[in-house]
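Scroll down for the structure; my scribbles are underneath it.
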Amino acid sequence: MVAGWVRRKVKNSDKWVRRWLEVNRHVLYSYQACPTDTPSARVMNMLDLRKTRSIKLVDGGEDGCFVIIPESVDDSHPGYLMRADGKHPSE
């Protein structure tokens, strides 16, 4: 399993929220808190990575930003913009 903290951009806002992501087999799980530290943490969202159109670095990954674009019926999903969590000039 691969896991760690990221910041996810809130749709239609300039706000970034902190999320714990875990990849277990082919599923990406999103939590508000790390389940190891907070046993009561519940899955907020999950994404079947086999149904992902692409995962791409944004601007060459210089700011640690990437986008996960799931498959959609008309391929118009804008994707989920995220960036590595940590000390960052924009925080």
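Position 1 is the first residue of the sequence, and the numbers go up from there.
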**Asked** Between the main-chain N or O of K15 and the side-chain N or O of S13, is there a donor-acceptor pair closer than 3.5 Å?
**Response** yes
Which atoms form the tightest heavy-atom contact between [X] and [Y], and what is the distance?
X   : Y   : value
G79 : P70 : CA-CD, 4.2 Å
D85 : R7  : OD1-NE, 2.8 Å
T52 : I69 : CG2-O, 3.3 Å
A33 : W5  : CA-CH2, 3.9 Å

**Request:** Flag the pair D63 and R83 as a salt bridge only when some basic side-chain nitrogen lies within less than 4.0 angstrom of an acidic carboxylate oxygen.
**Result:** no
**Request:** Count the heavy atoms of every other residue, nucleotide or ligand shown that sit under 6.0 Å from CE of M46, and state whether that count exceeds 12.
**Result:**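 Counting other residues, nucleotides and ligands, CE of M46 stays at 12 neighbours or fewer.
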**Request:** Check whether any side-chain heavy atom of Y29 sits under 4.5 Å from a side-chain heavy atom of N45, and report yes or no.
**Result:** no
**Prompt:** Between M44 and R19, is any pair of side-chain heavy atoms under 4.5 Å apart?
**Reply:** yes
**Item:** Verdict with reasoning, V43 to Y31, per side chain to side chain contact (heavy atoms under 4.5 Å, CB included)
**Value:** CA-CA 5 Å; V43 174; Y31 300 84; 3.5 Å; yes
**Message:** Under the criterion side chain to side chain contact (heavy atoms under 4.5 Å, CB included), I'd like the reasoning laid out for V27 against E22: C-alpha separation, chi angles, the key distance, then a yes or no.
**Reply:** CA-CA 8 Å; V27 180; E22 288 183 359; over 6 Å; no
**Stepwise side chain to side chain contact (heavy atoms under 4.5 Å, CB included) test for R53 and D75** = CA-CA 8 Å; R53 193 167 44 147; D75 283 336; 3.6 Å; yes
**Request:** Take Y80 and V67 through the test side chain to side chain contact (heavy atoms under 4.5 Å, CB included) and record every step on the way to the result.
**Result:** CA-CA 5 Å; Y80 304 105; V67 64; 5.6 Å; no
